[in-house]
Amino acid sequence: MLKIYNSMTQQKENFTPIHPGKVNIYVCGPTVYDFAHVGNGRTYAAFDVVIRYLRWRGYDVTYVRNITDIDDKIINRANENKEDFQAVVERYTNAIHEDFAALGLLSPNHEPRATEYVPHIISMIETLIKNGHAYIADNGDVYYDVRKFKPYGELAHRDIDKLESGARVEVNVVKHDPLDFVLWKLAKPGEPHWSSPWGEGRPGWHIECSAMSTCLLGDHFDIHGGGKDLIFPHHENEIAQSEAATHKKFVNIWMHAGYLQIEKEKMSKSLGNFFTIRDVLKQYPAEVVRYFMISGHYRSPVQYSEHAFELARSALSRLYNALRDLPEANAIDDTVYEKQFIEAMDDDFNTPIAISILFELSHDIQRSRENNPKLAAGQAALLKKLGSVLGILQDDPNKFLKAGTEHLDIEKIESLIAARNQARADKNWAEADRIRAELAAMSVVLEDASGTTTWKYTP
Ligand code: AMP
Ligand code: ZN
């Protein structure tokens, strides 16, 4: 039975979908004003594994991940660059799509953009005004009236009065309460704007997710996710808006990914301590970056460091090494490994344990490789199959192991290996060792097994 940790109840719960066999999931998507950083990537990679696993377990998953394509940050960026906000949106949406594809993130079934949902957003705000959960402030903006929604603070597990005293004292005097948040913001001259009953303006950030998620997945759906920073206020506000508008429970399970940290601090644009996915992909193969992101449990923090990427590279190399030079075969009819893998993943998507099982399997492959290559090939197929659930190990092993070797003179390496084999056949050990050392100086490491010599590039 799949168990998922629910941030709302703060415990692992047995997962029972609302409609048998079907899972509706919404993950808050990126705000497209810049390249995505690896912290963003971590959250989306975590949910990518969730989606892959749910599908592998036979659920029909509808995955919605929006694009926030209107926001202060986008407008500011457009003003800085003296360009249209749509140009900023298009450029970074394309860039993010490229980066996400490189990381092997599956495309969502729907990728709604806030600006395409303005009519739905307006109608939700109208409902909230009508039923007394929102008001038009003196400056003409529309605000959500937090005090009218009794369960407010439930997801963040904070008392509303404590939240209130913690809320920044803003210069904003139009709000009835410091926790109230904007639903519709009137446009300043020169800002992008849409018509509404309250004048030309644009939606607030929180309402867009309430409108898009309920529109695509229904008023009540299974899973809603994002990084931990979205718990408060974004997701708290989404609950307040959606439940006040529909009078129905909004979401069954709230899932939140832990932070990718750098020197123990959350990687973020505002702190300036970030590396873009794009830049990191120049340094490491995409699969290494993905492995780094998913090898820890999704709720735990991960630390960004070069060392961590090197560990990821060497772990993946060991797994690929097990897959190397074996014929195509059907996966062995195994119950033990697959069962353990499922047990780990059923326990709130415990990827570290799932990966440790892949390692056990890889050791078994290496043990059977010599004496029972047929068995080894079947085990390798199983390893590849389980790897696919995590979105890893689908590359050609030799290609992966030789990645980054494009600048090497492969012909020269092969001829040196041939010369060394000849020297060994001639029992000219000094010459064989000399050639091995010459290759090592090029970071090419030889492995002799079953009468053949293979090589790895380990810079
Ligand atoms: P944003 O574009 O800032 O709305 O962020 C997109 C997603 O990335 C959200 O789900 C955030 O919670 C998540 N996120 C941002 N920074 C980090 C981080 N350092 N570690 C993990 N997730 C993050
Ligand atoms: Zn959202």
Side-chain angles (χ1 to χ4, degrees), residues 7 25-50 64-74 77 88-89 92-93 95-97 99-100 103 105 108 110-114 117 121 124 155 181 183 203-217 221 223-242 250-251 254-277 280 289 292-294 296-305 308:
S7 305
I25 171 168
Y26 184 95
V27 176
C28 291
T31 306
V32 285
Y33 70 104
D34 203 345
F35 295 113
H37 60 65
V38 278
N40 307 135
R42 198 272 165 125
T43 288
Y44 296 118
F47 284 99
D48 185 69
V49 168
V50 168
V64 181
R65 188 187 67 209
N66 72 294
I67 298 238
T68 296
D69 65 344
I70 183 68
D71 166 275
D72 284 342
K73 286 183 265 193
I74 298 171
R77 182 56 54 98
V88 174
V89 165
Y92 292 114
T93 301
I96 282 170
H97 281 157
D99 296 345
F100 285 6
L103 291 176
L105 305 187
H110 302 276
E111 195 175 48
R113 296 177 177 213
Y117 281 77
I121 293 171
M124 199 170 216
L155 179 67
F181 55 90
L183 299 173
W205 173 37
H206 313 297
I207 192 74
E208 73 177 59
C209 280
S210 279
M212 290 186 281
S213 61
T214 51
C215 210
L216 288 163
L217 298 175
F221 57 93
I223 303 174
H224 192 130
K228 272 201 166 84
D229 52 343
L230 298 190
I231 295 178
F232 190 84
H234 186 53
H235 288 162
E236 193 74 59
N237 291 353
E238 279 193 49
I239 296 170
Q241 297 164 149
S242 302
F250 179 38
V251 164
W254 287 93
M255 288 182 73
H256 294 100
Y259 294 141
L260 185 131
Q261 301 180 320
I262 185 155
E263 279 150 18
K264 300 276 174 193
E265 217 156 3
K266 180 194 171 208
M267 180 176 284
S268 75
K269 289 270 160 61
S270 53
L271 291 172
N273 60 352
F274 65 93
F275 290 91
T276 63
I277 295 171
V280 173
V289 180
F292 159 76
M293 288 170 170
I294 66 164
H297 190 268
Y298 77 91
R299 282 190 286 122
S300 307
V302 273
Q303 305 301 326
Y304 179 98
S305 72

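Heavy-atom basis, side chains included; hydrogens, waters and symmetry copies ignored. For clarity, every value in this text was computed on a predicted model and none was experimentally measured. Read the numbers this way: they start at 1 and go in the same order the structure lists the ligands and their atoms.
For ligand 1, the polar-atom distance check finds an N/O of Asn40 within less than 3.5 Å of one of the ligand's N/O atoms.
At least one heavy atom of His37 sits less than 4.0 Å from an atom of ligand 1. Taking a 4.0 Å cut-off on heavy atoms, Ala36 fails to register as neighbouring ligand 1.
For atom 20 (N) of ligand 1, the closest heavy atom belonging to the protein is Leu260 N, 2.8 Å. The nearest protein atom to atom 11 (C) of ligand 1, hydrogens excluded, is given as Asp229 OD1, 3.4 Å; this is a heavy-atom distance. Of all protein heavy atoms, the one closest to atom 6 (C) of ligand 1 is Tyr44 OH, 3.2 Å. Closest protein heavy atom to atom 9 (C) of ligand 1: Leu230 CD1, 3.9 Å. Nearest protein neighbour of atom 2 (O) of ligand 1, counting heavy atoms only, is Thr31 N, 3.2 Å.
A tilted orientation is assigned to the rings of His256 and His235, their planes being inclined by 30° to 60°.
Close contacts of ligand 1 with Pro30, meaning ligand atoms under 4.0 Å from a residue heavy atom, involve 2 (O).
Counting only distance, with no hydrogens or angles, the side chain of Ser7 and the backbone of Trp254 share a donor-acceptor pair below 3.5 Å.
Crowding of Phe275 atom CZ: a count of heavy atoms from other residues, nucleotides or ligands under 6.0 Å not exceeding 12.
Not a single N/O/S atom of His206, whether from backbone or side chain, sits less than 2.8 Å from the Zn ion (ligand 2).
Under the side chain to side chain contact (heavy atoms under 4.5 Å, CB included) test applied with Arg65, the options Tyr26, Phe100, Phe47 reduce to a single match, Phe100.
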